[in-house]
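Since we're looking at a predicted model, the values are computed, not measured.
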Amino acid sequence: MSRSTRRLARPLECTGFHFGEVEFPRVSQPRLVIEFREGISLLIADEGAIPLAAEFIAAFRHHLARKGGRSC
């Protein structure tokens with residue numbers, strides 16, 4: 001009988017058990033979603049993303065204006 005077979009054949013002995021209560025804090029992060037008629041959505045996760053989102057919106061509006069599309 002190999003060593004691994006002997007380990008499997010031995011019954012396990014429980015020496016005790018304990019219950020523990022764990023609380024996971026619910027992290028509530030407000031997010032802003034901006035949806036455009038053209039089907040594009042922006043998810044702004046925090047204040048740090050606002051400058052980048054503003055640049056994107058300005059560039060997207062400029063692109064739409066050049067194409068003759070409606071502005072947001």
Side-chain angles (χ1 to χ4, degrees):
M1 188 182 309
S2 74
R3 190 175 188 182
S4 61
T5 307
R6 280 185 286 172
R7 281 190 191 146
L8 293 176
R10 263 190 269 169
L12 298 175
E13 185 178 318
C14 179
T15 58
F17 62 93
H18 303 277
F19 289 98
E21 186 174 328
V22 179
E23 290 186 29
F24 294 99
R26 185 176 182 153
V27 179
S28 176
Q29 287 186 318
R31 292 181 171 97
L32 174 64
V33 177
I34 301 172
E35 295 181 353
F36 297 89
R37 287 181 277 246
E38 291 74 21
I40 295 175
S41 297
L42 288 179
L43 172 66
I44 301 175
D46 58 24
E47 288 182 31
I50 292 174
L52 181 60
E55 280 184 49
F56 174 81
I57 292 169
F60 188 61
R61 284 182 172 174
H62 180 71
H63 173 75
L64 288 178
R66 289 183 59 195
K67 284 182 58 176
R70 293 185 290 182
S71 184
C72 309

Peer 1: Do you reckon L64 sits in the same ILVMFWY cluster as F56, going by side-chain contacts under 4.5 Å, direct or chained?
Peer 2: yes
Peer 1: Check step by step if side chain to side chain contact (heavy atoms under 4.5 Å, CB included) holds for I57 and L42.
Peer 2: CA-CA 9 Å; I57 292 169; L42 288 179; 3.8 Å; yes
Peer 1: Is there a chain of hydrophobic side chains (I, L, V, M, F, W, Y, each step under 4.5 Å between heavy atoms) that links L32 to L52?
Peer 2: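 No: no chain of side-chain contacts under 4.5 Å links L32 to L52.
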Peer 1: I'd like a table of donor-acceptor pairs (distance under 3.5 Å, sequence neighbours excluded) in which one partner is a side-chain atom from residues 44-51, with atom names and distances.
Peer 2:
{"unit_1": "D46", "atom_1": "OD1", "unit_2": "G48", "atom_2": "N", "d": "3.1"}
{"unit_1": "D46", "atom_1": "OD1", "unit_2": "A49", "atom_2": "N", "d": "3.2"}

Peer 1: Between NZ of K67 and NE2 of H62, what distance do you get to the nearest 0.5 Å?
Peer 2: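 Reported value, rounded in 0.5 Å steps: 13.0 Å.
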